[in-house]
Protein chains: 2
Amino acid sequence: MAALQPTPRSPPAIRYAQLPCPGCPGRHMNVCQPLDDELQVDFFDTGLRQKWARRQQLFRSGDPAGPIFKVTSGIVAVSRSLPNGTRQILRFALPGDICGYLSEGGAYAFDGEAITDVTTCTFQRDGFDNFAATHDVTAEAVRRELSQVLASAGQHLIVLGRMPTAARVAHFLCRMKADLTSRSQTAGLVALPMARGDIADYLGMRLETVSRSFTKLHKLKLISVSTDAVVVLDEIGLAAIGGYPPE
Amino acid sequence: MAALQPTPRSPPAIRYAQLPCPGCPGRHMNVCQPLDDELQVDFFDTGLRQKWARRQQLFRSGDPAGPIFKVTSGIVAVSRSLPNGTRQILRFALPGDICGYLSEGGAYAFDGEAITDVTTCTFQRDGFDNFAATHDVTAEAVRRELSQVLASAGQHLIVLGRMPTAARVAHFLCRMKADLTSRSQTAGLVALPMARGDIADYLGMRLETVSRSFTKLHKLKLISVSTDAVVVLDEIGLAAIGGYPPE
DNA sequence: CGGTTAGTTGAGTGCATTCAATCCCAGTGG
DNA sequence: CCACTGGGATTGAATGCACTCAACTAACCG
């Protein structure tokens with residue numbers, strides 16, 4: 001479990017050098033995207049750049065709610081673990097995404113773990129809130145980000161509740177492909193920086209089943225598999241199995 | 001399916017008679033709760049009271065995003081159906097809750113169906129947005145409502161992804177009990193206005209399995225079951241099985 | 001070259017599903 | 001008043017999909 005490897009909570013923090021948002025090139029609606037240059041500098045001046053090693057914990061469910069993290073590179077898994085040792089990953093926060101935002105009774109609502117090496121722009125919570133409170137565009141962007149994440153969680157509920165395992169994997173691949181393509185990617189190549197076990201924890205299945213699903217989709221000539229990437233051979237067919245896009 | 005019974009989309013709308021929020025007595029953070037009396041009158045003056053029959057659709061995924069609904073009595077299921085006919089209920093909107101808020105590309109993101117007879121306070125979307133834009137407390141309340149729903153969706157993901165069926169049902173009962181207790185309810189009696197099939201669609205299982213789970217929990221002397229209610233006999237034991245509350 | 005970690009594959013089990021029968025109860029008409 | 005009907009709920013039997021446990025392979029690093 002997490003306790004086995006003592007993870008330093010706060011890596012060295014470097015003050016942002018008043019640069020325009022490095023992770024912003026916008027996949028998503030984004031909390032700093034709508035700001036003009038001057039405001040963006042003000043905003044980022046309240047943030048610190050931090051680097052995190054793979055498998056480090058950025059925040060932990062139950063801990064007093066501290067900073068908010070904007071992922072600028074790498075991937076953070078937002079998750080929660082159950083007493084029996086299993087964990088469920090709720091979402092992967094990609095570059096540009098915010099995580100550690102939700103709190104319940106003054107504590108982080110979920111765990112945040114670096115799936116790859118990660119850099120974040122780290123904001124003090126009250127500074128972040130104050131900025132949002134005094135700048136309408138940011139408040140609006142936060143609202144949109146929340147809506148976005150909520151819609152995505154809704155989709156995820158459908159996947160976990162109503163799809164067989166192969167379909168889940170197919171859906172996941174389509175989703176990753178769509179997410180990555182909007183960030184300029186080579187043809188059908190979908191990078192999979194996360195381990196099989198992480199995908200399993202995201203899709204509510206076992207890593208062996210993830211593996212079997214990959215080979216199954218491979219045998220159907222829909223994808224070509226390697227450890228840390230997948231080539232989508234038949235996007236239509238894959239989307240059909242994965243029920244993607246919705247409807 | 002839905003097409004079988006032609007459901008009139010817009011039941012007769014009655015203009016709100018400038019009354020204080022009828023559904024507000026606050027289970028939750030609420031979009032009209034934080035307003036002072038005068039503002040609340042202004043706010044509700046922009047809403048219409050509507051009545052909906054059981055199994056009527058308030059809004060439909062894919063339809064142009066129309067009004068936003070505040071449930072004032074009854075229960076609305078927010079769901080999405082898959083091509084194969086199965087559906088997943090994402091949440092039950094109880095009195096005080098907002099639904100129909102999320103949109104994707106100008107269309108409702110999900111379906112909304114009255115599980116019981118329902119009354120709503122219905123707001124035009126842009127009127128609602130304008131009000132939130134010009135009243136900070138409302139904007140803040142919307143943000144909190146979104147956070148609340150998002151945290152709840154996260155919990156739901158854990159249930160669907162990582163819990164066996166009996167635990168899902170136990171969790172569901174604990175949750176319903178907590179929700180209803182905060183709205184003053186008799187001892188251990190948990191009302192279940194929704195059908196078994198609805199519970200199944202919410203918990204990602206079949207109605208037969210829901211039924212079996214009920215009898216299983218009954219045999220463990222944790223609950224006593226009837227069609228439209230459950231008596232919780234052993235709250236501790238039930239919570240233990242259902243992993244509720246989280247952690 | 002040995003050791004470690006991640007991934008794949010195989011065999012067997014079990015839990016939830018499917019399909020079908022039965023039960024229960026409220027509503028209705030004889 | 002009671003038999004009939006229909007929808008919802010429960011129960012039973014059999015199937016199958018995903019899980020568990022275990023062996024094996026591949027890649028990586030010292």
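In the set dC19(D), dC19(C), dA9(D), the nucleotide with an atom closest to the side chain of T227(B) is dA9(D). When distances are taken from the side chain of T215(A) to each of dA18(D), dT8(C), dG7(C), the shortest belongs to dT8(C). With dT10(D), dA6(C), dA18(D) as the choices, the nucleotide that has an atom nearest any side-chain atom of T165(A) turns out to be dA18(D).
Heavy-atom distances to DNA chain D give each of A166(A) and E208(A) a nearest nucleotide, and the one nearer the 5′ end belongs to A166(A). Along DNA chain C, the nucleotide nearest R162(A) and the nucleotide nearest R196(A) are compared for position; the residue whose nucleotide lies closer to the 5' end is R196(A).
Between L203(B) atom CG and dT17(C) atom P there is a gap of 11 Å when expressed in whole angstrom units. Per the geometry, CZ belonging to F214(A) stands 22 Å off P belonging to dT25(D), to the nearest Å. Across the protein-nucleic acid pair, M205(A) atom CE and dC19(D) atom P stand 6 Å apart, rounded to whole Å. When rounded to the nearest whole Å, the span between CZ of R168(A) and P of dC17(D) equals 14 Å. The CG atom of D201(B) sits 11 Å away from the P atom of dT17(C) (whole-angstrom rounding). Separating the CG atom of D228(A) from the P atom of dC28(D) is a distance of 9 Å, rounded to the nearest angstrom. Atom CG in L160(A) sits about 15 Å away from atom C1' in dA18(D), given to the nearest Å. The separation between R206(B) atom CZ and dA14(D) atom C1' is 17 Å, rounded to whole Å.
In this structure, T209(A) reaches the dC19(D) phosphate: one of its side-chain N or O atoms is under 4.0 Å from OP1 or OP2.
Counting only heavy atoms from C-beta outward, the side chains of R87(B) and I89(B) approach each other to under 4.5 Å. R168(A) places none of its side-chain heavy atoms less than 4.5 Å from the side chain of V210(A).
At the heavy-atom level, V225(B) lies under 4.0 Å from the strands shown only through sugar-phosphate atoms.
Salt bridge absent: K70(B) and E145(B) never bring a charged side-chain N and a carboxylate O closer than 4.0 Å.
No hydrogens or angles were tested; on distance alone, a donor-acceptor pair under 3.5 Å links the side chain of R212(A) to the base of dT20(D).
Within 6.0 Å of CD in E235(B) there are 12 or fewer heavy atoms belonging to other residues, nucleotides or ligands.
Aromatic ring pairs are classed by plane angle as parallel below 30°, tilted from 30° to 60° and perpendicular above 60°; the pair F92(A) and F172(A) is tilted.
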